[in-house]
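To start, the structure under review is shown below, and the notes come after it.
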Amino acid sequence: MDNVSVATQPHTHEEHHHVSLPQHRHHFETEEQQREAGTFGMWLFLLTEIMFFGGLFFAYLLYRNWYHDAFVAASNQLSIPLGAANTAVLISSGFFMALGVWAAEVRKKGLLVLFLVITTVLGFIFLGVKYVEYHEKWEKHHIPGAHFDISEFVNPQAYGLKEQPLAPDMAAKTQIFFSLYFAMTGMHALHMIIGIGLLVWLTWRSYRGEFSAGYVAPIEYFGLYWHFVDIVWIFLFPLLYLINRHPGQ
Amino acid sequence: MSAHTIVNLPDQRTATMPKRNYINNEDGILSWLFTGDHKRIAMLYLVSITFFFFIGGAFAGLIRLELLTPQPDLMASDTYNKFFSMHGIVMIFLFLVPSVPAVLGNFLIPIMLGAKDLAFPKINLLSWYLYWIGGLFTLTALVLGGVDTGWTFTTPLSTHYLNTHVVTAAVGIFIIGFSSIFTGLNFIVTIHRMRAPGMTWFRMPLFIWANYAASILMVLGTPVLAISLVLVALERTIGIGVFDPTKGGDPLLFQHLFWFYSHPAVYIMILPGMGVISEVISTFSRKRVFGYTAVAFSSVAIALFGFFVWEHHMFIMGVSNYSALVFSLLTMLVAVPSAIKIFNWAFTLQKGSITFETPMLYAFGFIGLFTVGGLTGVFLGALGMDIHLTETYFIVAHFHFVMVGGMLMAFLAGIHFWWPKMTGRMYSESISKLAAIVTFIGFNMTFLPQFILGYLGMPRRYHAYPPEFQVLNVLSTAGATILGVGYMLPLLYLGWSLKYGAIAGDNPWQATGLEWQIQSPPLTENFTEIPVVDHDAYDYEWLEHKTAQEVTTVG
């Protein structure tokens with residue numbers, strides 16, 4: 001150190017008035033710094049997720065404008081009750097996740113485990129409902145690919161639907177809607193599955209008491225992730241299920 | 001040393017290797033594979049990207065060999081397609097994108113900020129493993145029979161008309177993308193949260209600013225590439241039709257999404273290199289970088305503009321004339337912050353005490369070649385010129401001037417500049433200067449003829465060409481051979497220096513950065529005490545006064 005202008009200051013660890021957490025990593029000067037860095041990192045990660053889904057949302061915007069009639073007809077195939085139920089399920093799971101973060105902060109181990117388990121169960125319910133919806137599309141040949149069937153959109157009366165029939169070339173574009181539907185909800189479901197995996201792991205760690213002694217960072221970061229997955233759904237639900245279902249009315 | 005330098009370089013004969021440093025702190029291969037130390041991870045990256053660089057380079061050599069004659073005699077056309085695709089994929093995703101950030105950035109950013117490590121050491125290590133998993137997928141695609149889409153994975157070629165290992169390569173790039181995202185994320189958090197006391201934003205070295213800007217691009221751009229590759233893979237495997245015109249999809253949408261990442265990716269590649277050049281130019285002119293604030297903000301401006309120019313890759317693809325007009329204008333605007341950098345480096349040199357050490361030679365190479373590459377970029381941004389020149393060798397020459405003449409030169413400048421810090425050893429100055437000059441000559445011989453070839457209309461990506469183009473192609477291939485020698489030399493003498501090089505000492509260049517105030521190679525924890533920074537970056541005036549007062553320098 002021959003550069004005198006680089007003055008030094010002694011470590012200030014000893015001056016802290018609380019016991020250092022075992023999870024405090026050596027390269028952070030203070031726990032405050034560690035916590036801020038972690039939260040900031042998580043938010044940045046969520047930003048990359050927004051960009052990831054952004055590509056899909058952009059494709060949706062484009063094709064909805066191009067093939068408006070096909071998108072309207074195809075979105076009428078989705079079940080609002082199931083979608084709404086799932087929205088409720090997901091919002092409640094977010095609520096219990098938030099309660100879980102609170103329980104960790106007030107160091108209540110039992111409550112924390114309980115809330116995480118409820119969050120997990122609600123996550124499974126969401127995926128179950130999603131399975132029912134996917135299965136229905138499978139039976140109706142609405143899964144994009146070789147078996148895709150447009151007859152329901154060309155001749156809705158034959159299926160007991162009150163839709164306007166679409167010309168075959170426009171009806172073929174419903175496949176784009178379902179491509180995007182499966183890509184978007186599929187990516188969302190994949191995030192849910194990863195989230196549930198993490199939840200199980202965090203529940204086990206909470207059960208061992210790791211997050212009930214003042215160290216809550218992983219619960220907090222996971223909470224951010226889980227809420228983000230909720231918010232993606234909050235955008236998907238209206239875009240895919242709700243908007244402009246009945247043209248001309 | 002020249003007698004005219006203001007600052008005398010320290011006498012390295014008295015320098016000793018520190019007993020304890022990050023290299024010998026722990027022993028054994030596992031201590032490297034499970035390390036959390038940013039300096040060790042940087043070294044892991046250095047070895048890895050060098051490996052992939054020479055794989056990519058081998059493909060380049062084969063391509064140039066095929067183009068030696070007009071006839072297709074070395075390889076079949078589809079083999080040629082696979083070779084240039086692999087050359088592009090390996091060089092871009094496995095070499096250029098991680099080169100300066102993952103090696104030099106990883107090593108230096110915490111030290112320059114006065115921190116002990118990056119914010120997330122485990123994620124840093126994870127990014128290296130992801131890099132290798134992605135790299136192995138890419139190599140698998142290669143071994144199984146290759147990919148021939150070009151590095152651009154253009155639809156519907158990549159989704160419908162090819163029977164090669166597109167999905168394997170796409171998965172590889174998807175994973176490498178995560179590695180790049182994690183590096184960028186780590187840098188941003190570290191720069192925001194880990195700065196030493198007194199290290200304000202405008203006291204940070206410009207290398208940090210450049211990496212910060214590049215990190216923003218990595219974090220915001222890479223996920224878009226990820227989703228477009230996911231959609232390509234889904235289209236190939238289960239046939240969803242987002243890019244398939246027979247189902248109503250639009251292949252151009254893929255191009256929009258792909259270039260939304262891949263144009264900013266160009267700035268991911270060049271910005272950290274510009275950061276290196278700022279450090280090197282300032283050190284060897286013994287002056288503060290002229291217009292520090294302007295250079296710092298120009299990095300951010302390049303990152304910002306970089307997101308709004310992607311359509312210039314698509315001017316001939318039937319996009320709206322009006323949007324082409326806007327994108328053409330925005331493309332030319334990028335030249336402004338780039339020019340700010342070039343002019344400011346020039347003004348830094350003005351009245352400086354310039355010395356011509358190896359890193360400086362590479363930096364001069366960068367400035368010249370990047371200027372040519374950048375200006376031809378403005379040609380290509382002009383709509384009329386672009387329609388004439390696009391998909392010709394003019395494009396090839398243009399981006400090789402920026403990427404190879406620019407970024408690779410900057411990378412080598414940085415490696416030579418910080419090699420004493422990273423290893424504690426000096427390389428042989430005379431042979432490294434020779435390598436810098438050989439590289440410069442070889443580079444120009446390879447790629448200058450390609451500008452002419454492109455202007456005359458030779459299209460890119462063909463393995464045969466009309467005989468009248470042969471002279472220039474032979475020149476280019478000969479140049480590539482020289483260039484190859486230029487790249488082999490550093491491998492040899494830098495490797496040699498690891499064992500036999502002279503001991504470098506803490507500050508062989510007498511530079512001002514924080515990284516030069518600690519021992520070389522540094523301790524695992526970088527600083528024994530966290531520094532308090534009370535001066536600006538590049539404070540060579542201070543250094544000058546300090547030496548002026550030293551009695552020992554007299555006589």
Side-chain angles (χ1 to χ4, degrees), chain A residues 1-12 25-29 33-45 47-56 58-60 62-63 66-67 70 143-148 169-170 172-183 186-187, chain B residues 36 110 114-121 123 181 184-186 188-190 192-194 197-198 219-224 226-228 230-231 234-235 238-242 247-250 253 256-257 260 506-507 512 514 516-518 525 527-535 539 542-543 546:
Chain A
M1 285 264 185
D2 63 337
N3 187 341
V4 285
S5 72
V6 182
T8 58
Q9 71 172 21
H11 272 264
T12 51
R25 297 181 60 87
H26 77 280
H27 62 282
F28 290 107
E29 275 301 282
Q33 190 188 28
Q34 175 171 357
R35 205 181 154 114
E36 277 180 358
T39 316
F40 187 31
M42 196 64 214
W43 277 108
L44 272 177
F45 178 73
L47 194 61
T48 71
E49 291 275 24
I50 290 174
M51 296 305 289
F52 183 79
F53 279 98
L56 288 170
F58 181 76
Y60 177 88
L62 179 76
Y63 291 128
W66 282 7
Y67 309 129
I143 305 228
H147 301 288
F148 191 78
D169 63 333
M170 181 52 86
K173 306 301 190 288
T174 54
Q175 189 166 191
I176 293 285
F177 176 85
F178 283 110
S179 289
L180 285 169
Y181 168 77
F182 280 105
M187 280 302 150
Chain B
K116 288 177 180 165
D117 207 324
L118 287 173
F120 310 116
I123 287 178
I181 287 174
L185 193 150
N186 225 335
I188 294 179
V189 175
T190 307
H192 272 271
R193 289 279 179 263
M194 308 281 286
V219 166
L220 292 180
T222 319
V224 181
I227 190 64
S228 39
V230 165
L231 289 172
L234 286 179
E235 187 146 344
I238 60 172
I240 78 167
V242 178
K247 291 173 184 162
D250 183 8
L253 177 64
H256 281 291
L257 293 179
F260 183 83
D506 293 352
N507 194 354
T512 56
L514 265 186
W516 297 107
Q517 316 311 325
I518 59 174
E525 62 270 29
F527 301 95
T528 41
E529 286 156 332
I530 290 301
V532 176
V533 183
D534 57 3
H535 60 292
D539 200 352
W542 165 82
L543 205 64
K546 183 187 155 225

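All figures in this text were calculated on a predicted structure; none of them were measured in a lab. Sequence lines set the chain letters: A, B, ... in the order given, protein chains first and strands last, and positions in each chain run from 1.
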Fill in: Largest heavy-atom contact set with chain B, pairs under 4.5 Å, which of A:Ile50, A:Leu62, A:Leu56
A:Leu56

Worksheet entry | Donor-acceptor contact present, side-chain A:His27 to main-chain B:Leu118, <3.5 Å | yes

Worksheet item: Taking all non-hydrogen atoms of both residues, which atom of A:Phe40 and which atom of B:Arg193 are closest, and how far apart?
Response: CD2-CG, 4.3 Å

Worksheet item: B:Ala115 versus chain A, heavy atoms under 4.5 Å apart: side chain, backbone, both or neither?
Response: neither

Worksheet, complete the sentence: For A:Pro144 and A:Phe182 the tightest heavy-atom approach is CD-CD1, 3.7 Å

Worksheet item: By a 4.5 Å heavy-atom criterion (distance strictly below it), what part of A:Trp43 contacts chain B: side chain, backbone, both, or neither?
Response: neither

Discussion item. For chain B, which candidate among A:Asp169, A:Thr48, A:Leu47 shows the most heavy-atom pairs at distances under 4.5 Å?
Written reply: A:Thr48

Worksheet item: So which heavy atom on B:Val242 is nearest to which on A:Ser179, and how close?
Response: CG2-CB, 4.0 Å

Worksheet item: A:Gln175 versus chain B, heavy atoms under 4.5 Å apart: side chain, backbone, both or neither?
Response: side chain

Worksheet entry | Worked verdict on A:Glu29 versus B:Lys116 for side chain to side chain contact (heavy atoms under 4.5 Å, CB included) | CA-CA 9 Å; A:Glu29 275 301 282; B:Lys116 288 177 180 165; 3.9 Å; yes

Worksheet item: Roughly how far apart are A:Phe58 CZ and B:Ile227 CD1, rounded to 0.5 Å?
Response: 13.5 Å

Worksheet entry | Short side-chain to backbone donor-acceptor contact, A:Tyr67 and A:Ala172, under 3.5 Å | no

Fill in: Over all atoms of both residues, closest heavy-atom pair of A:Leu180 and A:Tyr60
CD1-CA, 3.6 Å

Worksheet item: What part of B:Leu220 is in contact with chain A, defined as an atom under 4.5 angstrom from a non-hydrogen atom: side chain, backbone, both or neither?
Response: both

Practice prompt. Would you check if the side chain of B:Lys247 reaches a backbone N or O of B:Gly239 as a donor-acceptor pair within less than 3.5 Å?
Written response: yes

Fill in: Region of B:Leu253 that comes under 4.5 Å of a non-hydrogen atom in chain A
side chain

Worksheet item: For B:Ile238, is it the side chain, the backbone, both, or neither that has a heavy atom closer than 4.5 Å to a heavy atom of chain A?
Response: backbone

Discussion item. Which atoms of B:Leu231 are under 4.5 Å from chain A, going by heavy atoms: the side chain, the backbone, both sets, or neither?
Written reply: side chain

Worksheet entry | Best-contacting candidate, B:Thr190, B:Leu185, B:Asp117, against chain A by heavy atom pairs under 4.5 angstrom | B:Leu185

Worksheet item: Under a 4.5 Å heavy-atom cutoff, which of A:Gly41, A:Ala59, A:Gly145, A:Ala183 has the most pairs with chain B?
Response: A:Gly41

Fill in: Heavy-atom proximity to chain B below 4.5 Å, by part of A:Leu44
both

Worksheet item: Non-hydrogen atoms of chain A under 4.5 Å away: do they reach the side chain of B:Asn186, the backbone, both or neither?
Response: neither

